[in-house]
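Have a look at the structure below, then the notes.
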Amino acid sequence: MIMQQPPFRDPAAPLRDRIDDLMSRLTLEEKVGLLHQYQAPVERLGLGAFRTGTEALHGLAWLGPATVFPQAIGLASTWDRDLVRRVGEATSDEVLAFHHKDPAGAGLNVWAPVVNPLRDPRWGRNEEGYSEDPWLTSVMATAYASGLRGSAPEVLKTAPTLKHFLAYNNETDRCTTSSNLPPRVLHEYELPAFRGPIESGAAVAVMPSYNLVNGRPAHLSPLIARVLRAWAPDDLLVVSDAYAPGNLTALQGYHDSLPEAYAHAVKAGLDSFTQDDDRTEATLGHLRDALAQGLLAEEDVDAAVRHTLSIRFRLGEFDPGTPYDEINDNVVNCPEHQALAREAARRSFVLLENDGLLPLRDVTRIAVIGQLGDTLMEDWYSGTLPYAVTARAGLAERCETTFCEAVDRVTLTADAGPVAADPAGGPLRAGAAEQGLFDLFDWGGGAYALRAVTTGRFVSVDGTTLVNDQPGPNGWEVRQTFRMEERPRGTLALRHISTGCYVGVAEDGVLGLVDDADQAAWLAMDVVRSGTDEAARLAAEADVAVVVVGDHPLVNGRETEDRMTLALAAAQDAVVRAVRKANPRTVMVITSGYPLTWTEGELPAVLWSAHGGQEYGHALAEVLFGDADPEGRLTQTWYRSEQELPDLLDYDIIASDATYQYFRGVPLHPFGHGLSYTTFDYADLRVRLAGEVLEAEVTVTNTGPRAGVEVVQFYTHQQRSRVKQPLRRLRGFEKVRLEPGESRTVALRLPVADLAFWDVTRGRFVVERAPHRLMAGRSAADLRLSACFEVEGEVVPPQSGLLRAADHDEYDAITFVDETRQDGDAVRSDAEGAWILFRQVDLTGAATCVATAGSTEGGMITVRLGDPLYGRPVAAFPVPRTERYDHHTITSSLQGVDGVHDLYVVFENEGVTLTGVDFVSDSGAGA
């Protein structure tokens, strides 16, 4: 007898019907078991185990050797959608290969790409994102996610997950800080990066971020259901970040109990709990308790489970086969993927400066110099390098090379005598018979690493003992870096960065960690070989010096650690100066996941790339020798100093004049910048409005002697507005390859609707009636041509009636907070005299002002006309003492005011929360 398959296993049935059938067969307990990262199998129905979360940011990570592509910010610097898509496709091939070999170890829900706009380059995870521009971020993320999800319309190759929702750009206290998001910043800057990949169906899942947003944990955001799921053409899976659910009661203290917190999370839209690794019982127990206590209903569980099952169905788990079943180990680091890694690395290089030294010509000997000259770095989310073509190796294939790391070789001496390393990699010991030698690496931000010369291994901490057994800084908790603190008589103390403990010397001479600074050993550090001197000598003997500088992705800025400075490490900076002095033909090659600054003036040539993956050295050689035009362009502003940046936790790019859109200074290198080995001319910019579309064309000509690549960029600026508008905003780009003398017409088609801004007075996007300027050129600061056009949009009318406090126009000393635990935003005063401004409020006929406010300490609110200090007061409200979410309605008569005015709501006390003010006529209706 042939057993009939249940309907959920019928691939011809509609997806919704298949999910309905499977849901009807699951018990409540079985459904609860599907709410964890490690989903329990349901053997009676033939459901296997399922796990979310395979890292695939720029290649498959954490599971063994696999093709390593350039970091995400490097991929974006190619400004090439198709290339980024192909990298995503190759990555998904390798994910499938690992999955087919080990389904439990390599799941098909991949946690990539990262779409947080790179608002501040000091963010420790800067290299994980694509751009400070949200639209460009969306474009690149859509391309990469499209490659990950595959081309089959009905079957997902993998299930891409966007990280991290929402307003997440700081590692400093990331689980307890709240990102202040005014409505315009939310809708114009933060949300658009997520919209494109979701709305296109390229991304099918989202991960909330660790931080709070406007006082509410991101994992509990009502925007998950209200906005994200409204964009998604199909079910959207929402997975938590690792251990974030537990933060809801622990670090964040937002709820008193985990059953309460987890119930709130599920109702807000969280479908999968990434908590306690594969130990599911505690999490599932809290969810069962939430059900038993009535905090969670079965229909809430059903909604979450449907999202999860939808992804599993679309991955083909319940079908007899998929188009991707034949992918196997042969694709991992295959020749085609190696070639793609080389292409991506080559096309990501950005030529920042060049006086004609590049491309290199008539070169016999190159001096390769620097800490990064003969090594490739893996970052936290990179794969394991299957091989490494370093700068030195790539250039050595082209000509004679000499090399030095340009680091100081030093000795350390304690009171007990010389410090030496154990030849077997064991403990460091003071009082050794022979003086030990160590190479000192400066990674910037005061972070140093020591490598024992005798073993070639780095000094690390094992327990509390200093040993020398590591290949370099590595791991989640980097235990190989130290700070140097000055002590009397020219000595220093070493402080272990990871633990904050000091290095002391035990009675047996073994170096280990001590808690008390007074117990720290005073060490004399003597330089026996100067790295700068060696670099200068080598540079002087070469035709060209190539100094490779930059960051270590696991040191001085990474997940859990922001940077305090953009400055190149001092020792590396000194090497650049010394080499330039020794050899005027010096190329500085920067390898970093973020913008850097340096002290040497104009250098003959400066080339930047992110950490470029396994083929970095080959790609570098091809660009330096001119086999390829440097076609990368910056996706982030390079500032002259961190002093030009607002506070790291200031997310309001509009008020703080942040990113290229609002920055009023002259950056070191602007957004979109990148030089070519040829020159380009722009001509004949033509602009016209065709119905609801803005059409523009510009002619670009290669005016140089060789073929080259140009990235033609279009920007707009609204010249008159009710609100502060960006100085420039990227609207489109096209990458063109032109032979000498060749011209091409590049076109832009921009829906007029895209010129909208978020109108806080009505809570929607609006296109204003206003003049605009369209600009075309090579970067945000090199705009060759411009043309004006008029848009017949709306005129924003004066506002009246209820004014939501969060929807103000400007503010001072204000924090955005949660109105209730579930929904809504309010504002709270941070100081006496704090204020919010509502522009153009029509008070015609208004007789009474009603405020909804509260304060745990009580206070006073005053409404003034025209100025927060000297404006005439027209209403005043004593605010009673209340509980945190208890907001009282307070009424005040309006004192002789009519017409349209700018209103300042002034908080006379710190700690007063306001949800809104309303203006009512004598009849009781809103004015």
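Numbering of residues begins at 1 and proceeds along the displayed sequence.
- For His496 and Phe482, the gap between ring centers is short of 6.0 Å.
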- Task: Evaluate side-chain contact (heavy atoms from CB on, under 4.5 Å) for Leu566 paired with Arg640, printing each intermediate quantity in order.
- Result: CA-CA 9 Å; Leu566 300 178; Arg640 295 181 181 275; over 6 Å; no
- Query: Yes or no on side-chain hydrogen bond (donor to acceptor under 3.5 Å, both in side chains) for Thr560 and Glu171, after CA distance, side-chain angles and deciding distance?
  - Reply: CA-CA 5 Å; Thr560 73; Glu171 298 305 293; 5.7 Å; no
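- No side-chain N or O of Thr703 forms a donor-acceptor pair with one of Asp681 less than 3.5 Å apart.
- The minimum heavy-atom distance linking Ala406 with Ile369 is given by the pair CB-CG2, 3.7 Å.
- Under a 3.5 Å cut-off, the side chain of Tyr639 and the backbone N or O of Thr597 do not form any donor-acceptor pair.
- Comment: Lys735 does not engage Glu710 in a salt bridge, judged by the lack of any side-chain N to carboxylate O separation of less than 4.0 angstrom.
- Of the possible polar contacts, one joining the Asn468 side chain to the Gly426 backbone as a donor-acceptor pair under 3.5 Å is found.
- Counting only distance, with no hydrogens or angles, the side chain of Gln338 and the backbone of Asn333 share a donor-acceptor pair below 3.5 Å.
- Across every non-hydrogen atom of Ala66 and Gln614, the tightest pair is O-OE1, 3.9 Å.
- With no hydrogens or angles considered, no side-chain donor-acceptor pair links Glu128 and His58 at under 3.5 Å.
- A side-chain donor-acceptor contact under 3.5 Å links Glu559 and Tyr381.
- Using a 30° and 60° split on the angle between ring planes, Trp380 and Trp476 fall in the tilted class, from 30° to 60°.
- Salt-bridge formation is not detected for the pair Asp562/Arg122: no Lys NZ or Arg NE/NH1/NH2 atom is positioned less than 4.0 Å from an Asp or Glu carboxylate oxygen.
- Contact check for Asp422 versus Val467: no side-chain heavy atoms found under the 4.5 Å cut-off.
- Salt-bridge formation is not detected for the pair Arg119/Glu132: no Lys NZ or Arg NE/NH1/NH2 atom is positioned less than 4.0 Å from an Asp or Glu carboxylate oxygen.
- A donor and an acceptor atom, one from each side chain of Tyr616 and Thr591, are located under 3.5 Å apart.
- In this structure, Glu561 does not pair ionically with Arg125, as no charged nitrogen and carboxylate oxygen lie closer than 4.0 Å.
- Note that Arg409 lies outside the cation-pi zone of Phe438, set by a 6.0 Å cut-off to the ring centre and a 45° limit from the axis.
- By the 4.0 Å N-to-carboxylate-O rule, Arg580 lies close enough to Glu600 to be salt-bridged with it.
- Between Glu742 and Arg737 there is no salt bridge, since no side-chain N of the basic residue sits under 4.0 Å from a carboxylate O of the acidic one.
- Salt bridge absent: Asp80 and Arg86 never bring a charged side-chain N and a carboxylate O closer than 4.0 Å.
- When all heavy atoms of Leu352 and Trp608 are compared, the closest pair comes out as CD1-CB, 3.9 Å.
- Side chains of Asp133 and Tyr660: a donor on one and an acceptor on the other come within 3.5 Å.
- Judged by distance alone, the side chains of Glu485 and Tyr502 do bring a donor and an acceptor atom under 3.5 Å apart.
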- Run the salt bridge (charged side-chain N to carboxylate O under 4.0 Å, His left out) check on Arg342 and Glu622 step by step: do they pass? CA-CA 10 Å; Arg342 185 168 180 165; Glu622 289 171 345; 2.9 Å; yes
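- Between the side chain of Asn126 and the backbone N or O of Gly124, no donor-acceptor pair lies under 3.5 Å.
- Here the two rings, on Phe733 and Trp79, have centers that are under 6.0 Å apart.
- A donor-acceptor contact shorter than 3.5 Å links the side chain of Asn702 to the backbone of Arg706.
- Considering only heavy atoms from C-beta on, Val419 comes within 4.5 Å of Leu428 through its side chain.
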- Task: For salt bridge (charged side-chain N to carboxylate O under 4.0 Å, His left out), just list the numbers for Asp627 and Arg398, CA-CA rounded to whole Å, side-chain angles, deciding distance to a tenth of an Å, and then say yes or no.
- Result: CA-CA 12 Å; Asp627 300 350; Arg398 310 295 290 262; 2.8 Å; yes
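- Residues Thr67 and Glu94 bring a donor and an acceptor atom of their side chains to less than 3.5 Å of each other.
- Ser779 places no side-chain N or O within donor-acceptor distance of the main-chain N or O of His673, the cut-off being under 3.5 Å.
- Checked by atom type and distance alone, the side chain of Thr137 pairs as donor or acceptor with a backbone atom of Ser131 at under 3.5 Å.
- The closest donor-acceptor contact from the side chain of Asp442 to the backbone of Ala569 lies at 3.5 Å or more, if one exists at all.
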